[in-house]
Each structure stands twice: as structure tokens, then as C-alpha cells.
Number of protein chains: 2
Amino acid sequence: MSSPRRITLKELAAELGVSTASVSNAFNRPDQLSPALRERILGEAKRLGYRGPDAKARSLRTGRSRIIAVVLAESLTYSLNDAVASELLSGIAEVLDAHGHTLLLLSGRQHASQAPGSASIADGFIAYGLLPPTLMVSADLPAQRPLVAVDFSPEGYPAVHIDNEPASHMIARHALRTPPRRPAIVSLRLTAEPCNGRVTQAHTQLPPEQTITRSRLAGFHRALEERGFTPSAVPIWNIEENTFEVCAPVIAEILDLPDEERPDLLLCMSDRIALTALTLAEQRGIRVPEDLRITGFDGIAEGQYRAPRLTTVRQDSVEKGRIAARMILGLEPAEPRLLHTALMIGDSCP
Amino acid sequence: MSSPRRITLKELAAELGVSTASVSNAFNRPDQLSPALRERILGEAKRLGYRGPDAKARSLRTGRSRIIAVVLAESLTYSLNDAVASELLSGIAEVLDAHGHTLLLLSGRQHASQAPGSASIADGFIAYGLLPPTLMVSADLPAQRPLVAVDFSPEGYPAVHIDNEPASHMIARHALRTPPRRPAIVSLRLTAEPCNGRVTQAHTQLPPEQTITRSRLAGFHRALEERGFTPSAVPIWNIEENTFEVCAPVIAEILDLPDEERPDLLLCMSDRIALTALTLAEQRGIRVPEDLRITGFDGIAEGQYRAPRLTTVRQDSVEKGRIAARMILGLEPAEPRLLHTALMIGDSCP
DNA sequence: GAACGACTCTGTATCGATTTAGTTAGCCTT
DNA sequence: AAGGCTAACTAAATCGATACAGAGTCGTTC
């Protein structure tokens, strides 16, 4: 336990009989001293086991830590297992790595309760999908520090988005080309109050915060209307968390409806929902796409590598992450960006 | 750009006419000052927009940052999309969160090149699956700082492991109960030189570093021997990266062999490999398990939610992460731990 | 009524670096 | 030979907090 305490720059300087400035320069600005001295310093440093300037002290002095924090709306546990969030993080990590920065993971939830915010270490923040109320709580994160938002739009900050409404309009339009008898929508976190199941009249007052979900719903509704359906007559089921475990019971409820009530088209707001539907339909001997057509949203890998291949809208979450990271590093102008999506026609809804 | 610079603790103290010590105590040790003063300080802090002590300065002074770094063998981009690594991270994040710590993500690869290590910020390190050579490079990470290893065993550090050899022996034994005509092994990173495909004689000298892979192979071989097979006669294909994209061509090579050479049992070293085999077999009309039996390893969710359900060995990666995190936080003794695994018999190899 | 302890609060050294302004020495110019 | 430059190096202030030792006040206790 009595570790031989790490040697400091000052001690190293004393040992060598040079100033601390020179040692610092040896590590950071080689052009500021003679190669000979630099060599001598680096050599002695290695000999004494000095690992280079301490990051804590350096970041205090310089004001920069080369750390970017990503604040995730959901718990880290959830986010790390969600394909879309993982892809986003991948994109962010890729760019940060390439520019010598590191990634600190914060959860919007955790953070609120967290005693003394270790957040002020970060040079900048990338916030993902925070809801306005959560944002308020954690808004004091970026005390004058740069913040880039992904998948939501806090006022006054640059944001990276996809075109949710046109995208879902596009896929719904495709699905409705073959007119379904009973279309249905399976939505993600649409209601103000948590509700895992059929959305009833009681939930009609949709909260305005859920911008993504609402935009996607709007796209579905527009397409339905264009094809002669009455949007309000199309049933909506709501899913509280985008995981198999939470989706499964709701999907089961839908698939186990009596034949004459069971939908023959599911417009799902995420691939995870659609994949769950695919799995449960298979288990029940419901044929996809003959008896039931299913569309997803996101374009995650899992949906493309399985049979039947999922019909979905691909959004490039990795690229979204890259852009956000480049913005926060100042490598590209931090201004609102809207990424486009692509319809991917698979076998689940040809 | 001329941000009104964040106010400091000292300025706040001056404003209030109290000492900096009191302000610090107001935030950190409420019992050290009267409730009245504390109230006054906190009030004024809020009024002036003071967010609480700066993390950089605090961590320099106290020597603790409440940040734990996870060093991943692979690139972050890969790790974030790998189910096993994600689960591990989930487990780690869960425990760290619960104890007010945050997670810094470092890649073993990135780190080597990274200019000035921002690593010395961390209070401790959890290293995952580093190969000895890589570890050497990054060994100077934990300058006298605690380190817990996961899935490998650097000398002198506590490590969390699973029982790889018994586990793969167990599943191979199960698979061989129904004697296959032509068993084959699909391995992960087994060879010294990168080799994506059939392992030939040239690769016989297996490097000793790949402890996990070697242990799993040993388990397979022991079971094969017990069932009367000559291990050296069982063909091995090697996969360089545990992703669909890298697996697919190798699996295709196997499945496209002429009927009389094609294996009828694949012992795969990961679920990802096994799932790829499942998908490609399906595409080719090869029936699983009738024509081809497949076993995996890991027990990732994706394999359990699809049909046919994967026969595999479940390792609790989340728990592995939790344990590593608790060790690094000193919540449980940092001593070698071996987790047990469970055979999960699915439909891919009944 | 002196001594003691319990509460509050303050002064200041310190954590380990970076960086500005400045000093010295040596060389070149004219 | 004087002035001007540059290169190489240093002294010391500073980043923003924490925590120790001590100072002052006030109520108890013997």
C-alpha cells in the first residue's frame, strides 16, 4: 500500500538541476530547448520512472483535459446495449480517438443525483436524446462549455438530427402501396405517462417533448391520410423501453388478438420493436410478409443479417456520431445539421 | 466567444466576505459550518451561477477524480458494437454509477499512440482482454494505480475470469453425444499471424498469449478425444474479428464445401460466429440442426431471441463487469475470481 | 472564576503542472 | 567595438480548489 509515490516534474527537474520549465518543455514543446538537454531530460525521466506530466495538474493549468463527455438520456446500462446508441458512440469514439481525445460516459439520469459532478472535467459535451425536463436538470452541466445535441434540439445549441417526419412518411408510403386491411402503429415512448401497451383515448394529449417519436408519428399519419386511411382510427401501441424484454409482451398482446382484429401491417418506430415482432410472429406460425407485414426504423445490422430481412429506414448513426464529435472538436462548424435517411426494402414488407 | 468566465470559489468567498474554506465546506462537508452560513453560501452561489467546485482543481488537490478508466483491447468502435464487451461495460457502468463514479473509455490500441496520456486522470483501471504485448505498451498506464484485469491475467494483478476450458469441454461433450460424421472448429484469433480462414499446418505453433482462445480449444479437444476423435484431425477455421462481416466469408467457405467434405457440426468459439453460421446456412437451405449442428459461446441475447435458438455456453459478462468494478472501488477484495458458466441447450444443437 | 470543550470560522500551504516575461550568452553586422 | 538578434534556459505567478492547524466565542463544570 505504501506505493513509492509517483515522482513529480519538479523533483525530476531538481534531480537534473534544470528548471521545471525545461522539463515541461521537453515533453510538450521540443522546439523550446536544445536536443541535447531534451535527450538528457527524457533519459532521466525514463530512468526514474516518470511517466510524463500528470493529467490532473495539466488540465487544471491549461483548462483543457482532452476529454469529451457524452451525456446519454437513458441509463448507461441500457444505452450500451442499444444498437443505435452504440453506433452513435462508435462514431464519436472514432473521431475523438483520431484526435487524441477520450470519451467520458455520463448518464442523464445518474447525473442528476450524482453528488459532486465530475462533469466539469470535460472540455465539451455531446448530449444524446435528452428530454427537455432532463436537460433542465443537467443543463448546468455545460457551464459555458460547448455542447452539441444529437436527436433533440435544446434552444441555443447546435444539433444533429435526421429527417424523422419525411423518413417515416417514406416508409409508411412504401408499406401502404399494398393496401393493408388493418394497419397498426407500434410507437416508442409516445405518451406523457408511462404506458406499455395500447394507447387509449386517455393518452391523446401527447406531450410535445418527445420530438422524435412525434415526428415519426406525424410521418406515418401523413402517409396514412394520403392513402385514404383515417389516422385517428389506426390503433397505436406504445412501448416504454426499446428492448426485447419490454417489447415482447406488447407485441404478444397484438399478435394474440383474434384473427379478425389482428393487424396485418405493423409500422414500428424502431428496428428492435420490428425484430421482436418478427421473432414472436415466427413463434406463432404467423407468416411474414404473407399474413403480417412489418416495417422497422433505424437500419441496425441485426435486422439486415437475419431472414426475413427487415424493411426499414436506415439512419447512419455512426456518421451522426462522427459529425457531433467533429463539431465539438471544432473541426467543422457547429451549426444545425439534418442527415438524410434511406429506405431499405427487405423481405418483411416487400 | 467571450464567455463571462465561470466564477470561482475564491471569488464567491470574497463576494460573501467569508473564507474559501467555508465555501468549500458548504459544498463538501456540511457539518463543518453552521446551517445559516451554509444556506447563505449556497444561495449566493446559485445567484451568481457558481456550479460547485471545479472537478479539475478538486481532483488535483485531493488526488481522486472519481473516474475509472476501462482499457479495451480492441478499438472502441469494435468494442461498442460487440455484445460481450457491451455487457461487460454495462455491468461496470452500473456499479460505478451507483457509487458516484464515471467511466472513461480508453482503447489499448489508441492509447499507445496517444500523445499525452489523459489516462493519469483515472483513479483506477479495468483492463479487458489485453494481449500481453499490448499490455506491455500500456502497462505504464497504472503508475502505481489499481488495476483489475478481465479475461486475461497480467502477473501481479487481480483478474476476473470464466472457466473457459471446462465450459467449452462441457458444450463440446454435449454436442458430441450425438456423434457427428465431420466435426469442425471455428475459432477466434487463434494464430500468431492474422489468418482468416482454414488453419493449416503452417499455423501449428500457436502463440501462448491467446489464453482464452487456447483454453477453449483445449476444452474442445479434450471432449473430442474422450469421444474417440483425433483432435489434430478435426479441421479448424480461424476468424480474425468477431463481426458478421469478417465471419461471413469464412463461414461461406465452410458451407460451400462439397457435400462429402462439409462439416455437420460446428463448434464455434463465439455466439457471433455461430449466429453468422446460422444465417448463412439458412440462406443456403442447409437445415439446422438436421444437416448441420452449431454451438456458440457467450450466451448473448441475440442468440436466444431468434429461431432456431442457439445452443451455447452462457457467461455472465454483466456480472463480470460488476465484480471488476466493485474490486476497483474496493467494495470487495481484489483477488482472482473465476466465474462459472452454464450450458444452454437450444435448437441449433439439441 | 478558571479551565475546558464544543462550535464556527479563517489563514495559508499545497496538489503538479504550464507559461509569460525575462536573463544570459553567443554570434553576426556594420 | 557597439548594437542587435537569436537561441537556450530560468524564476515565479498561476490554475481552482482542499484541508490542516489555529483563533475566537460561548456555555459548562468543578
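Here is how names work: the chains are called A, B, and so on, in the same order as the sequence lines, proteins then strands, and each is numbered from 1.
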**Request:** Would you mind reading off the distance between B:Arg61 atom CZ and D:dT14 atom C1', rounded to a whole angstrom?
**Result:** 16 Å
**Request:** Write down the distance between NZ (A:Lys10) and P (C:dA17), rounded to a whole number of angstrom.
**Result:** 10 Å
**Item:** With sequence neighbours excluded, residues passing side chain to side chain contact (heavy atoms under 4.5 Å, CB included) with B:Ser79
**Value:** B:Leu72, B:Glu74, B:Ala85
**Item:** Any A:Ser24 side-chain N or O less than 4.0 Å from OP1/OP2 of C:dT18
**Value:** yes
**Prompt:** Whole Å only: how far is the CG atom of B:Asp54 from the P atom of D:dC15?
**Reply:** 12 Å
**Request:** Mind checking ring pair (Phe, Tyr, Trp, His ring centres under 6.0 Å) for A:Tyr78 and listing every partner two or more places apart, or none if nothing turns up?
**Result:** none
**Asked** Atom CZ of A:Arg29 to atom P of C:dT20: distance rounded to whole Å?
**Response** 7 Å
**Message:** What is the separation between atom CZ on A:Phe27 and atom P on C:dT18, rounded to the nearest whole Å?
**Reply:** 9 Å
**Prompt:** Atom CD1 of A:Ile121 and atom P of D:dC15: how far apart are they, to the nearest Å?
**Reply:** 18 Å
**Request:** Measure from the side-chain heavy atoms of B:Thr8 and tell me the nearest of D:dT18, D:dG16, C:dT18.
**Result:** D:dG16
**Request:** Please list, chain by chain and in numerical order, all residues satisfying side chain to side chain contact (heavy atoms under 4.5 Å, CB included) with B:Leu48, sequence neighbours excluded.
**Result:** B:Ile7, B:Leu12, B:Glu15, B:Glu44
**Item:** Overall bend - the helix from C:dG1-D:dC30 to C:dT30-D:dA1, comparing terminal axes fitted on five pairs, nearest 10 degrees
**Value:** 50°
**Item:** Carboxylate-amine/guanidinium contact B:Glu241 B:Arg189, below 4.0 Å
**Value:** no
**Prompt:** With a 4.0 Å cut-off, would you call A:Asp316 and A:Arg322 a salt bridge?
**Reply:** no
**Asked** Going through the distances and angles, do A:Phe152 and A:Tyr157 end up as a ring pair (Phe, Tyr, Trp, His ring centres under 6.0 Å)?
**Response** CA-CA 10 Å; A:Phe152 76 114; A:Tyr157 292 103; 8.9 Å; no
**Prompt:** Once each nucleotide of nucleotides 6-11 of chain D is scored for protein heavy atoms under 4.0 Å, what B/S/- sequence comes out, 5' to 3'?
**Reply:** ---SBB
**Asked** So do B:Lys56 and B:Leu60 actually touch side chain to side chain, heavy atoms under 4.5 Å?
**Response** no
**Residues which pass side chain to side chain contact (heavy atoms under 4.5 Å, CB included) with A:Asn81, listed by chain and number, not counting sequence neighbours** = B:Ser86, B:Glu87, B:Ser90
**Asked** Given side chains that start at C-beta, do those of A:Ile121 and A:Ser59 come closer than 4.5 Å, heavy atoms only?
**Response** no
**Request:** Measure the distance from CG on B:Leu9 to C1' on C:dT12 and round it to the nearest whole Å.
**Result:** 14 Å
**Message:** Check the phosphate of C:dG16 against A:Tyr50, side-chain N and O only, distance under 4.0 Å to OP1 or OP2. Yes or no?
**Reply:** no
**Message:** Let me spell it out: for each of A:Thr62 and B:Ala57, pick the nucleotide of DNA chain C with the closest heavy atom. Which residue's pick is nearer the 5' end?
**Reply:** B:Ala57
**Donor-acceptor pair under 3.5 Å, B:Arg58 side chain vs D:dT18 base** = no
**Message:** What is the distance, to the nearest angstrom, from the CG atom on A:Leu60 to the C1' atom on C:dC15?
**Reply:** 9 Å
